[in-house]
Amino acid sequence: MYSLRNNLNATEAKAKLAQETDPRRTLSFYRYVHLENPEMLRDELFKAWNELGVLGRIYVAHEGINAQLSVPEPKLESFRAHLESVPAFSGVP
């Protein structure tokens with residue numbers, strides 16, 4: 001079964017990051033927008049962004065999104081394309 005949550009403790013996360021060879025880009029953004037089903041969107045974002053190696057805190061609620069995260073630089077354009085593909089988040093600076 002696929003777990004839609006972080007399963008690493010702080011020590012394990014730091015060890016995993018230490019093994020990465022690609023630099024990361026840190027991003028912070030928010031968008032106030034009404035979301036009908038934030039739970040479903042959250043699951044979709046988690047699946048897509050987990051595959052891209054996104055790490056951080058992303059809050060999705062009926063009022064919108066608030067994110068502080070890091071993305072491996074080689075995956076930055078894919079991340080941006082996915083973010084733009086979500087109509088509610090299109091154009092987030």
Hphob cluster co-occupancy, Val71 + Phe46, side-chain heavy atoms under 4.5 angstrom = no
Same cluster for Leu41 and Val54 if Ile/Leu/Val/Met/Phe/Trp/Tyr side chains link at under 4.5 Å?
-> yes
Which value, rounded to the nearest 0.5 Å, describes the distance between His34 atom NE2 and His62 atom NE2?
-> 7.0 Å
Hey, quick one: are Met40 and Phe89 part of the same hydrophobic cluster, counting side-chain heavy atoms closer than 4.5 Å, chains of contacts allowed?
-> no
Which atom names give the shortest non-hydrogen contact between Pro23 and Pro74, and what distance separates them?
-> O-CD, 4.3 Å
Heavy-atom side-chain contact between Ile65 and Arg31 under 4.5 Å | yes
Taking atom CZ of Arg42 and atom NZ of Lys47, what is their separation to the nearest 0.5 Å?
-> 10.0 Å
Full working for side chain to side chain contact (heavy atoms under 4.5 Å, CB included) between Asn37 and Leu35 = CA-CA 6 Å; Asn37 192 339; Leu35 299 174; over 6 Å; no
Does the Gln19 side chain pair with the main chain of Lys16, one donor and one acceptor, at a distance under 3.5 Å?
-> no
From Lys75 atom NZ to Arg24 atom CZ, the distance as rounded to the nearest 0.5 Å | 11.0 Å
Whether over 12 other heavy atoms sit under 6.0 Å from Phe29 CZ = yes
Tyr59 and Gln68: CA distance, side-chain angles, deciding distance, side chain to side chain contact (heavy atoms under 4.5 Å, CB included) verdict | CA-CA 9 Å; Tyr59 300 97; Gln68 297 78 43; 4.3 Å; yes
Leu55 and Leu27: same hydrophobic cluster, using ILVMFWY side-chain contacts below 4.5 Å?
-> no
Is it true that Tyr30 and Leu69 fall in one hydrophobic cluster, defined by side-chain heavy atoms closer than 4.5 Å?
-> no
Please determine if Arg80 and Glu84 form a salt bridge, counting it only when a charged side-chain N lies under 4.0 Å from a carboxylate O.
-> yes
Would the number of heavy atoms belonging to other residues, nucleotides or ligands and lying under 6.0 Å from CZ of Arg25 be above 12?
-> no
Pro38 and Ala61: which non-hydrogen atoms are nearest, and at how many Å?
-> CB-C, 3.7 Å
CG/Leu17 to OG/Ser70 distance, rounded to the nearest 0.5 angstrom?
-> 6.5 Å
Apply side chain to side chain contact (heavy atoms under 4.5 Å, CB included) to His82 and Leu45, showing your working.
-> CA-CA 9 Å; His82 185 266; Leu45 295 177; 3.7 Å; yes
